[in-house]
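What follows is a set of notes on a single structure, which appears directly below.
Model, not experiment: these values are computed from the prediction. Every heavy atom of this structure was used, including side-chain atoms; hydrogens, water molecules and symmetry mates were not. Labels below follow one simple rule: chain letters A, B, ... track the order of the sequence lines, proteins then strands, and each chain is numbered from 1.
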2 protein chains.
Amino acid sequence: MIDKQTEILKAALRLFVENGFHGTPTSLIAKEAGVANGTLFHYFSTKEELIVSLYVAIKKHLSACMAIEEKSEASLKEQLKNIYITALTWGIDNTTEFRFIQQFISSPYLLKLAPEEIQQKNNKILQLFQEGIDGQIIKNMPIDLINTLVNSHLFGVSQYINQSQLAAQQQENIINSSFELIWDMIAL
Amino acid sequence: MIDKQTEILKAALRLFVENGFHGTPTSLIAKEAGVANGTLFHYFSTKEELIVSLYVAIKKHLSACMAIEEKSEASLKEQLKNIYITALTWGIDNTTEFRFIQQFISSPYLLKLAPEEIQQKNNKILQLFQEGIDGQIIKNMPIDLINTLVNSHLFGVSQYINQSQLAAQQQENIINSSFELIWDMIAL
DNA sequence: ATCATGATTGACTAATCACTCTACAAAAGT
DNA sequence: ACTTTTGTAGAGTGATTAGTCAATCATGAT
């Protein structure tokens with residue numbers, strides 16, 4: 001075993017998604033991670049800290065994946081499409097993480113996060129929205145609203161793809177066309 | 001006290017949204033509802049049954065509110081808009097219920113529901129989507145996908161409105177224009 | 001070699017919680 | 001009036017759980 005802390009987080013992720021927060025005792029997490037009970041509390045002083053840490057870790061992972069895309073020379077639409085597709089692909093390739101995030105943000109644990117953690121650091125995308133509005137490419141509305149709508153859309157599509165068992169071809173189709181859908185919505 | 005069962009559900013709703021499922025002991029629910037511990041278990045044999053019952057009750061309430069809208073003579077777009085606005089208004093007027101539903105459907109309790117409970121009985125809207133596709137008013141795509149997208153959109157807008165403190169005027173604006181947004185997305 | 005620091009263990013505990021049980025009260029049926 | 005059913009209460013219980021602690025073990029620095 002290389003890293004016990006990682007093993008604990010991995011086990012916790014799986015169990016939380018399967019059984020919910022209240023359905024998974026710390027003892028089970030420790031057992032599944034192959035560590036002793038006390039070891040878990042060595043790394044995370046409370047169960048709540050474990051849950052929040054897991055969220056932060058996943059968000060970090062997502063941010064890392066998103067950061068790869070950086071092609072400023074492309075058109076605004078192309079740039080947004082790149083970001084959109086990257087995020088969507090992440091959601092499809094990481095269903096468990098995706099479900100955990102969904103569960104976490106709908107739970108009261110969200111309030112336990114420091115406000116700056118919730119804040120979208122990745123304001124690159126907000127910037128692009130603003131550019132789009134200024135350049136009269138995107139409908140003039142609050143960028144927070146646009147952001148919320150795009151996020152919801154992303155969630156919806158991920159959910160649809162994860163739930164319905166699609167052939168790779170169909171899946172590819174939906175991924176590609178779904179950006180056009182949301183674009184039709186926000187574009188002038 | 002008129003109906004203890006209702007009082008229990010009301011207290012449970014509030015506490016679950018505030019503290020989550022695992023953060024609210026049945027004893028506290030009973031206390032807040034002003035009934036004895038045993039009374040709770042007279043009405044709901046387990047905590048899980050209480051949670052699921054609460055979900056079903058809220059869904060029933062939502063359905064009742066939705067059922068009022070029935071104007072088949074209007075255009076397809078108008079009909080959809082009516083349904084959309086009704087749902088959105090419900091989400092805004094019933095934030096606690098709204099948050100509970102969100103929490104519930106992102107939790108493993110969802111799987112405890114009988115499949116027919118999950119199924120959208122209100123397939124009126126699915127019917128309208130099909131009509132729209134047949135009449136070449138709506139883009140040709142799986143109606144389940146359309147449905148998911150419209151629902152996500154609805155969630156997003158509700159969330160946005162609930163979170164940001166808006167003047168009644170602005171709120172009204174967003175409610176009205178947000179349907180046009182989603183319409184732009186699904187319409188040909 | 002010795003020491004120090006941190007990782008790891010698992011038995012243990014104090015508290016909590018879901019749920020039970022017995023008793024009683026209030027209707028409701030006969 | 002009497003019996004049955006249903007509602008209500010709240011103390012009690014056994015199981016579970018988050019978190020502790022004292023004791024080892026591993027590692028590397030001096």
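Between A:Thr39 and C:dT9, a side-chain N or O to OP1/OP2 separation shorter than 4.0 Å is present. The phosphate of D:dG7 (OP1 or OP2) has a side-chain N or O of B:His42 nearer than 4.0 angstrom. For the pair A:Lys31 and C:dG10, the criterion of a side-chain N or O lying under 4.0 Å from OP1 or OP2 is not met.
Taking 4.0 Å as the cut-off between side-chain N and carboxylate O, A:Lys10 and A:Glu32 do not count as a salt-bridged pair.
Side-chain atoms of A:Ser106 and B:Ser106 include a donor-acceptor pair closer than 3.5 Å. Side-chain polar atoms of A:Ser178 and A:Tyr84 form a donor-acceptor pair below 3.5 angstrom.
Across the protein-nucleic acid pair, A:Phe41 atom CZ and D:dT17 atom P stand 12 Å apart, rounded to whole Å. Computed from coordinates, the A:Phe44 CZ to D:dT20 C1' distance equals 18 Å when rounded to whole Å. A straight line from CG of A:Asn37 to P of C:dA7 spans 18 Å, rounded to a whole angstrom. Rounding to whole angstrom units, CG of residue B:Leu50 and P of C:dC19 are separated by 10 Å. Rounded to an integer number of Å, the gap from A:Lys47 NZ to D:dT20 P is 15 Å. Atom CD1 in A:Ile29 sits roughly 11 Å away from atom P in D:dT17 (whole-Å rounding). Here D:dA18 presents its C1' atom at 14 Å from CG of A:Leu28, a figure rounded to the nearest Å. C:dT20 atom P lies 12 Å from atom CG of B:Leu40, rounded to whole Å.
With values rounded to the nearest 0.5 angstrom, A:Gln79 atom CD is found 5.5 Å from A:Lys124 atom NZ.
Contacts of A:Tyr43 with the nucleic acid, taken as non-hydrogen atoms under 4.0 Å apart, involve only primed sugar atoms and P, OP1 or OP2.
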